[in-house]
Every structure is written in structure tokens, then in C-alpha cells.
Amino acid sequence: MARLHIELQSKLLRNFREVEIGLCPDLHKHLHGLHTSCHTRHARAGDTYSGTGMVHMAAKRGRTGQRLELGLQLRQLRESCGLGDRGGGLTRKQAVQGLRVSEATLLRIETGALNFRNVGDLRKLLDRYGVTDEEIIESLTDLNRESGQRDWLTQFPMPTGMPTFVGLEPEARSMRAYHPTLVYGLLQTEAYARALLEAHKPVEENTSEFVRSSVELRMRRQEVLTREDPVKLRVILGEAALRYPVGGAEVQRDQFEKLVTMSSWDHIAIQILPFRSGYRSTNDFAILNLGDDLPPRVQIDSAWGATHTSDKRREVDRFIRRFDAMTASALPPEDTPDFLHRLESEL
């Protein structure tokens, strides 16, 4: 585990006298934030300083969350270093000039898709950004090393972009999701998921092993809803998602019963968007609220099978507006069980 420096305050005073003289205010502000982040991250790794000298155990961020945290810190350092044109931040092209890291690689690192394979490249980049504080450098290099370790996700085949989103689901405080034509993955029964993937197998040219592992992954993802501190989930399902026949009457009946049960849980709300006029998105999407440390993130699936995610504020806000508009048009959550019982009686 990385060391916890209890003498941080005296070190800060020494460090930032130099920082205030030589660096721009934006970088100074971000370095202050990074010191706080160092303590927060050590807390997630298991060491929490209470302020009285006592150390307590705390939860640890997953590999995907670690990469995303590293990328976010590096992007903020680059943008606030004051070494670019007119005293602003550096572009990615300027940042990697003379280094063994390409502009495209730095983009992937900043978006949490990669970490540095060579820690020396990370140290050179931090030096270019004007970061000289050894505690910050150590914290970021530790974060880079930990984020590169194997994660449970690597055993499952997934389309491009999907591992990042799946890896962040356990980090979420809450999720909002919409699907117009299928039951949302975190709500599916095992039989429903298998029947759905089997129906797609000959068209998508998937193997039986792919179907098996995909069902296993989907069931494992649902653990975020049944753990001790579950993710809060709000889902809107189009009526077509419930009327589309998957796997026969028995599979459908079991799926409806699971939805009724889950809709009774305090941390889950399920709404149905019936066949009537009003706004509805034609594409499924999900929005992750990752708390105060990481920006919210939106996920959409493309027709090519890839998954795209974004934490750009404008894009996230657009999907939040879409979700809120459909929330207003959908049936209230308390009407969901009766609607499902009516559909079940029609089977």
C-alpha cells in the first residue's frame, strides 16, 4: 500500500511557497486539490487518516475507476499548467512533444482507457507540467501501477468501449437507464438474457461460448444491485420492450415477475413508457452518477455493436434532459406492477 503522510500540512507550507512564486494560479489550485486527492485515494486503498492519528479501513476503487481518476488528474494538470500559448494549458500535441507517448495514446490515457506502461513516461510528463512535489508524483505513479493490474472484466469478451462502462458501474452512486425495445440488462433474468443472445447468434455470427460468457457477465453485473450498499437505479422501459417476445411464455412470465419484485426494492424505480404520444428517444442509453470525485458519464450503443461513453458536460446534460422528458411521460413507478400483471395475463 502507498504510504500515508500524516505530516502533510507542514509539507504543504514549504511546497506551495515555491509553487505560488513559479506557477500559474490554476495549477496552484489544482495541486492543492491533488494533495487532498492523494489522501482520498490512499483512503480507498485501505488507509484513512482520521485527523487524530488513527488509521481506518476503507473501500478501494476498481481498476477502471483508477484509470479514469488518473486520466482526469492528468488532463486537469495539462490544462492548468500555464505553459501553453498566452499562459494557458498545453494541447496534447504540445504535451507529448519529445516524449515516447503519442498524442492518441495521451488521449486514451486521459479518458481512462489506458495507463502508462512505462512509469518513466509518466514522470517526464509530470515534469513537463511543472509538478515537482514528490508526494503527488508518488501518488500518481502508484495509481498508474495499480490501475494496470488485471481486473475481473478481462475474462469476458465485450464490444469496444463496453469494458470501461461495465468497470464503472460498481463505482456509481446512482444510474439512470432507458431502453425502448428490450428489458434493461441489469434487470434481465438469466433465461431472458440467454434466449435473447441465442436469437442473435446466427445473425451476429456469435459462438456458443460467447453466449455463455455474455450471460455470465450480465448476471455478475447485477451484483451492484444486491450488494450491501447497492447502486440506486431508475429505469424507463418502452412498452415495446415488454411486449417483444423473448424465449417463450415461461421466460416472459419469469421476467415480468422479476421486474415486479425489483420494482418493490427501495433503491430501484422502474417506469413504463406506454404507446401514446409524447417524447421518446429512439436509442437506449444509461447515465452514471459517479459522485463528487469523478464526472457523470453517459453510455450509448452504436449500430456497429460498439459502446460509446462520454463525460462531456454538454452531452451528459442532453441525455439527462431526454431522460427527464420521458420520466414525465411514463407511468409512475407505483403503476408498474399492475401493468406487468396485465401483460402476464395476456401470455
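Predicted, not measured: the structure shown is a model, and the values here were computed from it.
Annotation: cation-pi geometry satisfied between R322 and F319 (NZ/CZ under 6.0 angstrom from ring centroid, within 45° of ring axis).
Side chains of Q271 and R234: a donor on one and an acceptor on the other come within 3.5 Å.
What you find for P296 and V316 is that their closest heavy atoms are O-CG2, 3.8 Å.
With sequence neighbours left out, the side chain to side chain donor-acceptor pair (under 3.5 Å) criterion links E209 to R212.
Listed for the E190 side chain is no donor-acceptor partner under 3.5 Å among the backbone atoms of V215. In terms of modelled atom types and a separation under 3.5 Å, the side chain of Q222 and the main chain of G185 share a donor-acceptor contact.
When each of R78, Q76, R75 is checked for a side chain to side chain donor-acceptor pair (under 3.5 Å) with E110, only R78 meets the rule. The only member of R313, R314, R321 that meets side chain to side chain donor-acceptor pair (under 3.5 Å) when paired with D317 is R313.
Aromatic ring orientation, F285 versus F323: perpendicular (interplanar angle above 60°, classes split at 30° and 60°).
In this structure, CD in E171 is found 7.0 Å from CG in L294, a value given to the nearest 0.5 Å.
One finds a salt bridge joining D142 and R145 here, because a Lys/Arg side-chain nitrogen approaches an Asp/Glu carboxylate oxygen to under 4.0 Å. A salt bridge does not link E239 to R276: none of the charged side-chain nitrogens sits closer than 4.0 Å to a carboxylate oxygen.
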Notebook entry, point to check: Given the rule in the side-chain contact (heavy atoms from CB on, under 4.5 Å) test, do L126 and I136 qualify, once you have shown the distances and angles that lead to the verdict?
Noted result: CA-CA 10 Å; L126 293 175; I136 292 175; 5.9 Å; no
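Within a 6.0 Å sphere centred on OH of Y279, other residues, nucleotides and ligands contribute more than 12 heavy atoms.
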